[in-house]
Amino acid sequence: AQTVTQSQPEMSVQEAETVTLSCTYDTSESDYYLFWYKQPPSRQMILVIRQEAYKQQNATENRFSVNFQKAAKSFSLKISDSQLGDAAMYFCAYRSAMAGNTPLVFGKGTRLSVIA
Amino acid sequence: ETGVTQSPTHLIKTRGQQVTLRCSSQSGHNTVSWYQQALGQGPQFIFQYYREEENGRGNFPPRFSGLQFPNYSSELNVNALELDDSALYLCASSLGWGRGGQETQYFGPGTRLLVL
C-alpha cells in the first residue's frame, strides 16, 4: 500500500517570503501522480498543483512550484512571494496511474501560517 | 468554487443513529468519491461510485454504504453511528474512467458530522 508522509505539522512564513513544504511517499509503482491540495478554513479542498511521475520537469503554477525527486520519493512544494491568502492546511497526495479512477492517498497535512 | 455541493453543512447525531449525507457532482462528472477527514488528519478514502456502481472501497466497515443516482449525485449512509465517526466528510467528483489521476478530483465543501 502507498503511504504519504508530511513531517512538518506546522510552518510559518513572512509575507512576501518563500517557504517550502516537504512530502515523502512510499510506493512500489513506477507510474503515478502527485498532488498538493490546499484546505483553507472554509474546508474546501482546492488543487494547487499536480505532477506526473513520468515527467522529469517539475510542475509550476504561478507562485507555486514543486521539486520532484523520483528516486528519493520526495515531492516538496515551494510557495514564492507568500500572501496572507496562502494561509491554510496543505496536503500532499498520491494517486496510482492504474486504469480507472484510483483514490487519492493523503498525508496528514502541514498547517501554514503567513505573518504580515 | 468547484461546482460540487454537499448537504447538510453540519449535522449532530447521537450514538447508534443513522445518517445520510448528500453530494451533487460537478456537471458532466460521472464518478464520485467519498472521504472521511478526522480532526487533524488527512482525508481517508471510503469508497467510490462510477455510473451508479461501487468500484472501489477503502478500509471502512459495511455500515458505511452509498448510492449513486442516474444524475450522478450520490449519498453516503452511515448506520449505527459511533463516536469515532465524528469527522468532516468530503465528496469529490471527476470524469472517469480514464487513466488514473488524469481526471482531476474536484472537492465539495464537506459535511461536518458530530456524534454525541
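Note that the structure is a prediction, hence the values are computed from the model and not measured.
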Discussion item. If I measure from the heavy atoms of chain B, does A:Q39 come under 4.5 Å with its side chain, its backbone, both, or neither?
Written reply: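 Looking at A:Q39, just its side chain touches chain B.
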Practice prompt. Scan residues 9-21 of chain A for pairs that pass side-chain hydrogen bond (donor to acceptor under 3.5 Å, both in side chains), counting only residues two or more places apart or in two chains.
Written response: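 Found none.
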Worksheet item: What's the shortest heavy-atom distance between B:L113 and B:D85, and which atoms?
Response: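 It is CD2-O, 3.8 Å.
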Discussion item. We want to know whether B:Y72 and B:S93 form a side-chain donor-acceptor pair, criterion being a heavy-atom distance below 3.5 angstrom.
Written reply: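 Result is no, nothing qualifies.
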Discussion item. Whether the side chain of B:Q48 engages the backbone of B:T31 through a donor-acceptor N/O pair (distance < 3.5 Å, no angle test) should be reported.
Written reply: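 Not confirmed, B:Q48 side chain does not pair with B:T31 backbone.
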Worksheet item: By a 4.5 Å heavy-atom criterion (distance strictly below it), what part of B:Q37 contacts chain A: side chain, backbone, both, or neither?
Response: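 Side chain only.
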Practice prompt. Sort B:Y35 into side chain, backbone, both or neither according to what part of it lies under 4.5 angstrom from a heavy atom of chain A.
Written response: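 For B:Y35, side-chain heavy atoms alone lie under 4.5 Å from chain A.
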Discussion item. Rounded to the nearest 0.5 Å, what separates atom CG in A:L104 from atom CG in B:L90?
Written reply: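 That separation rounds to 11.0 Å.
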Item to complete: Tell me, out of B:P43, B:A92, B:G110, who's got the most heavy-atom pairs with chain A below 4.5 Å.
Response: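 Result: the option with the highest number of such pairs is B:P43.
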Item to complete: Between chain A and each of B:Q44, B:Q41, B:Q6, count heavy-atom pairs under 4.5 Å; write down the option with the most.
Response: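 The answer is B:Q41.
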